[in-house]
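See structure below.
The structure displayed is predicted, hence computed values, not measured ones. Letters A, B, ... mirror the listed sequences (proteins, then strands); counts begin at 1.
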Amino acid sequence: MATDTRQDLLQGTLDLLVLKVLSVQSSMHGWGIAQAIQRTSRETLMVNQGSLYPALHRLERRGWLSAEWGTSENNRSAKYYRLTADGRRALQDQTADWERFAGAVRLILRLA
Amino acid sequence: MKWKRIFGLAATDVLSRGQRERELDAELADHLARETAALEQQGWSADAARQEARRRFGSLSTTKDEVRAQRFGAVAESVVRDARFGGRWLRRSPGFTAAALLTLALGLGATTAVFSILDTVLLRPLPYRDDRELVTLWTHETRVGNPHQLVSPANFRDWRARSTSIRPMAAMSYWSEDWQGADGITSIDAWAVSEDFFTVMDRPLALGRTFTPDEYVTARNVFIVTYGFWQRQLGSDSAAIGRSFRTPKGSSTLIGVLPAGFELLGNRDIYVPLILPEEQWRRRQATYLLVAGRLAPGATLEQARAEAVSIGRTLEGEYPRENEDVSISVTALRDELLGDARSPIYMLAGAVLCLLGVACANVANLLLLRSLARRREFALRSALGASGNRLVRQLVVESGVLALAGGALALFVAWGGLRLFLALAPADIPRLQAAAIDGRVLAFALAVSTISAIICALGPLARVLHGAPRDALSETSTASTGSRRSRASQHTLAAVQIGFALTLIIGAGLLVRSVQRLLAVDRGFDTRGVAALTVQAWDDYPSGAQRIAFANEMERRLAAIPGVTRVGITTALPLHSPVGNQNAGVVAVGSGLTDRDARQALAAAVSPTYFATLGVPLRDGRMFTQFDDSSSRPVAIVNEALVREHFAGRQAVGERIRVSFYGPPKESEIVGVVADVRHAGLQEAPKPSVFVPTAQQPTGVMMFAVKSDRVPATLFPDMRNVLRSVNSGLPVDELTTADNLLELSTRERRFVMTLLLGFSALALVLALVGTYGVVSHSMTERRREIAVRMALGASHQSVRGLVLKHGARLALAGSTLGILGAALLVRLLQASLFGISRFDPPTYAVGTLLVLAAALLACIVPAVQAVRNNPANVLRSA
């Protein structure tokens, strides 16, 4: 495990990533979202399913995501999430916050 | 619109919990299926892929828990789940549940009942408008130092006319009214109230109207009843207003019903107008009115007091003879009504808290024992990821379920207990009969149940929070001893129960011994077969000669009642209410002292046969005779206490004393000495007393004591008839028996004693059960140790001794606590103790022995069981 470069997500960043993924792909189920995050980060970011689903339900509760039930390829019922207008606004705010935060950390790493 | 959505979701959460659970399952199943499929594509076999997918996902149930936690009402929902789980768990162990519920029901029920009494009697405002403005006024006999004498009509009229700070002011008087019921004539105690009475109290009637000014002048033919009387006797019939009721003197019309809760001192249900003949209104020395008033707007109690003193002084100047040394005292009605009721009620509250303490300790112990039995369950849940918070919440919710169920049962106990209290309670605790289980009491019961739930859960909680799950899991049944910590807390709880129980037992024991001593005390007179009729003959017979003639006629006719053996007349019966006590200044002639130095003695004017009627023995000299009348020289009889005080025990017969009794000092010769009588109450040492012949001091108050071989109360109708035949217009002031006076004088003490005995018995039983639980559990835990001992040759006796020693240790620790508690708490009882110290060693010793015996009794079953097991089986079974 010492050489494992895969990262657990920072607290609070999972919401941002979920919103971002759904802003690119219009409708997606939970597994797909997890895969998208892992793939896009080139397997660096591991999504813990134990926090993914609570996060999805939380975002749905806040009205940033809407969900609908559909049928998957092999005829199981599957839940598909979609970004709402509120969610899109929240994504902009949170992205800006994140940029500011990451910029600040970079500055410190460079200077201090 | 956003809110609409949130409400929509909340509603969905609440309404379709099952639906949402199914959806969550489906969503997670979909996830696992996709993961599995993906793995299979990477070349995993179907089985391995499924397992790997599960592994990567982690704990499904934790995830579900966390998703559920996102929902609205998530906490409430999980509490409901815990409560359901708790309920199931309680149903699965009926023995435990029954014991815990019963204990809680008893403890909480008794507490609730006592609270409802405390609330009704002490905490609530009186049922009159602005009860803090209400005051009572009394004649203050400054020379005698008695600030609580009733008031004479003339003084009342003057006070009322002159006071500016107390306005309005009203008077009321006891009145006995005959009532024609379905089963003959019964006598009903009534209040006769003066004009402003209903203005003073100021509460609208429930039905009808109050008396008109006219009705205070004309004949007494209208009346008002209390709400309780209207409910009980008149069937809550509103048509009863305006109905006429037959009385022996004619008919009387019901015109009003008082509001509920209006009851004053005593259970008097009927109110009639106070009508006195004009001549009576001029009387200044016949004191028989209770006076109440309301502070005028802006006036304070202090101002009213100062004004009363100055009015008293003015009246004393105007009527130097009648009002000599007479002032006015003013007290708040609230203090007047509740003053004496406080101490027994506080005592009850203290006792019931002890009982509640025993009950809570008992239930806490039961829960602790259960939590030990469940430690593997908790350890497992904790190892499977249940957070500390979840387990704590579960425990609190479970004990909450228990406490609420117990609280619900407790309401029944409280209801029954309250009935019992009310049946036992002395009638002179004001408003007590109005105590009931109502909203406030329910709220209190709920609060106490909740607090008890928290207290009860503390023990098991501490265990869950401190116990490392691994220890509990690895702790198998082969361990030979239980955990030291848990045993220590069980033992502490058992000892605390024993301690509380002992505190109660000692309190009850001290009261029992006090009452015993009180009843065994030499009263100095014989109550058996004595009935007494009191009249106030002041206005009907203004002159001394008329009063003597009236008294003689009454005596003659009373003596003619079949079965009557003796009739005596006095102005004050022993143990009669303190209002009837009269005092006189006494100074021995030749002692060199002047009348200013006179010392107070109880005084009464009595007939020649009075002492024989009450069985008071003569110690020296002679009794009064019919020849000691107004034409002969003044004589007096004194008691032994007076001889001790004034004559240092010397021969007193033949000595002369100056007695100031109803008038200027009169020199009298002592002709006899009688034995001491406990006049003012059984607990009070006999006071110096002086008696003068009725014929030489004819006052208006006359108590006719009638001794017969019949049951005294059966004489009442005959005595009433005698009075009616002598003077049909003279009302009965009071009709009672000497036994009744005796009973009343100890009633409050016996009431508290009975309740304390009841509480002690309950507490002892609970403590016994609690001790049994702890000892038997601890023996179960130690069964391997015992088996080893027995296998190594320990005798049955020594094993039994081990168990008993265990119980004895608990009992000794508990007794120490109990004795300490008693030493601190019986101070509350101090006022009720008689003839013993509050540290009375025999009481403490007997109480402690009782508790020790109970503890050993609790150990017998575990002791017998301990040796019954075959050691080989025990060792092999592990």
Among residues 42-55 of chain B, residues within the sub-4.5 Å heavy-atom range of chain A, in order of number, are none

Among A:G30, A:A55, A:P54, the residue with the most heavy-atom pairs under 4.5 Å to chain B is A:P54

So if I take each residue of residues 25-33 of chain B and look for any heavy atom under 4.5 Å from a heavy atom in chain A, which residues do I end up with?
B:A26, B:E27, B:L28, B:D30, B:H31, B:A33

Distance check, rounded to the nearest 0.5 Å: B:R34 atom CZ versus A:H29 atom NE2?
3.0 Å

